[in-house]
Amino acid sequence: MPLDDRYQLAFRLYPYERSADQDAAAPVRHPVVVMGGGPIGIATALDLGLQGIPVTVLDDHEGIGMGSRAICFAKRCLEIADRYGCAQPMLDKGVVWNLGKVFHEDRKVYEFNLLPEEGHRFPAFINLQQPYFEKFMVERVRAAQAEGAPIEIRGKNRVERIETKADHTILHIDTPEGPYTIHADWLIGADGASSPLRGMMGLDFEGRVFQDSFLIADIRMLSDSFPTERWFWFEPSHGAGASTLLHKQPDDVWRVDFQIGWDVDRAEELKEENVRRRLDAMLGGDVAYEIVWSSIYTFQCRRMKQFRHGRVIFAGDAAHQVSPFGARGANSGMQDVDNLGWKLGMVIRGEAPDRLLDSYHEERAFGADENILNSTRATDFITPKSTASHMFRNAVLDLAEHHAFARPLVNSGRLSVPCTYDGLSLTGADALPGGPARTRPGSPCPDAPVGNGYLLNALGGGFTILTLDAEAPETLTEDGVTARRHALSARDDASGALAERYLGSADRAVYLVRPDQHVVARWDRYDETALRAALRRACGKE
Amino acid sequence: MALNTQPNIADPDEFYAELIRAHDGLSDAESAAFNARLVLLLANHVGDRATLTEALAAARKP
Ligand SMILES: Cc1cc2nc3c(=O)[nH]c(=O)nc-3n(C[C@H](O)[C@H](O)[C@H](O)COP(=O)(O)OP(=O)(O)OC[C@H]3O[C@@H](n4cnc5c(N)ncnc54)[C@H](O)[C@@H]3O)c2cc1C
């Protein structure tokens, strides 16, 4: 098969270059190879590369695809990107919105203000075209490379075939200059929803297909009549779609998303005149706009049974796919990377046993199930599949116009929030009486203002003993793994957010925090034996 | 709070008549939509999740 592009590029960031591996007498062995240079593959490379672990990304294109698929990037995703050092440009470029309006037919049913919680470095989410999100990460890779991070991205390197061995994988790669072979101790499958790797390994990917198509058009218009808000129409009277979403992106671009039914003639629907017919019906004929990009999608909710297969580990869309309502695709993929990066790093450095990686599947499959549940529910509300379901949906909308109680039932997508690894293998005990539920063991640490900065900047990378008005030694080393103390006092934050999020009604607290900023366990005082046990547990040694 | 399935409405005949009257002049589709709204209003009034689950089970299997 020739190496033709399957999609147009927005940014050509890693043109094909011949690598020394192609001229090597015997296949060169790499510690980690990432298959796929989408957002999840590039983030994986950043996580590992910044730990000093050599990582090679193979992508079958020479840059970032044109169409903006994802546009909503949630707080947790930005916090992870910040750990990798690339969140600031995303924040600078992204659009922040708080006001949403919900319409049924041509009536506004209600509006909501997300009223963000104060005291976080990042907003609840930003709107940003996916190509920018990816570009900022690749730019961070370039900067990290200049600082010596052992990351390599090979464009126009298509993985054609693999052979899995007990302790490595053999990859047969095609390039514009012909094929070559490399070996990888670890192979990360970040090759997207239609994952050829999954196919090569004969692995399942089961779930639910939603019998509906969505026509997505990104349009550029200079208009004041559509403010920076999210507008969602159920059964709009303009008739251009069974539901319609309008959402602002940077560069005067709006995302319009029409639900157009299951049996559609794609080629016909995608003709500019037909896309314009729908847009004109919605916008009213006198608004001038330019179509930047349009595409038709169908959606599915599914995941692999197992994300880990020995030395091959799947992440992002390759491992799980959700409908886009609630923006959980790239957002959850970034959480996969956050979870996998430190575990793989520790196993490669010999600091933790191989079975620590089993907890990657345990935790992220748990996260995927939660995301699938949420996006399935939103999809069922937006596209009801039975008469009764349709009737209740409309009853909710009718009541929501007049009664506050019905508004929480309206579901046009729930904001992506990270899951708490409640009761899973690495999660330890909650021994902080009166501690807030949101920071219980398994939770991602919520941000809080501290002095002139933010708490999360001090957490992550390694294990942290976070103390609030409590004593503890500066370091604790258990079986070759060191946790470092970060000492704070409730007084460090005059707003009270730190105390509210980490103390609750307790006077003092000791938290053990993982490299991915999730809480392992917490106590009301430093207890060396308990801390050592929690640290062992978090490293898969218990 | 367990689902109360003992008589609890003061004037049952009058309530029943009012319920039926409320559907007067509605088409089948409008009646069904009315019922859906009514269920949601009453469910919110009950509020208690366990009771609602019990009610759903009881309605499914009279
Ligand atoms: C319409 C739409 C709207 C969305 N909105 C949101 C949103 O608002 N928020 C959100 O978080 N997510 C959203 N998503 C989901 C998001 O786009 C995906 O979750 C995300 O792109 C997944 O990233 P990935 O790196 O796992 O896979 P991909 O981005 O698909 O990247 C896979 C990469 O692997 C490469 N590859 C494939 N085969 C090979 C091979 N044989 N050899 C080498 N390389 C290969 C591909 O070329 C590609 O570069 C949306 C998706 C759609 C379709």
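The chains referred to below are lettered A, B, ... by the order of the sequence lines, with proteins before strands, and numbering in each begins at 1.
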*Within a reach of under 6.0 Å around CZ of A:R407, are more than 12 heavy atoms found that belong to other residues, nucleotides or ligands?*
yes
*Kindly check if the number of other-residue, nucleotide or ligand heavy atoms within 6.0 Å of CG (A:D265) is above 12?*
yes
*Could you tell me which non-hydrogen atom of B:R37 sits nearest to which non-hydrogen atom of A:L399, and how far apart they are?*
O-CD1, 3.7 Å
*Return yes when atom CZ of A:F112 has more than 12 non-hydrogen atoms of other residues, nucleotides or ligands closer than 6.0 Å, and no otherwise.*
yes
*Out of B:L40, B:V39, B:N35, which one racks up the most heavy-atom pairs below 4.5 Å with chain A?*
B:L40
*What are the two closest heavy atoms between A:M391 and B:A32, and how far apart are they?*
SD-CB, 3.1 Å
_Under 4.5 Å from a heavy atom of chain A, the part of B:L41 involved_ = both
*Please look at A:N394 and chain B and tell me whether the side chain, the backbone, both or neither of the residue comes under 4.5 angstrom of a heavy atom of that chain.*
neither
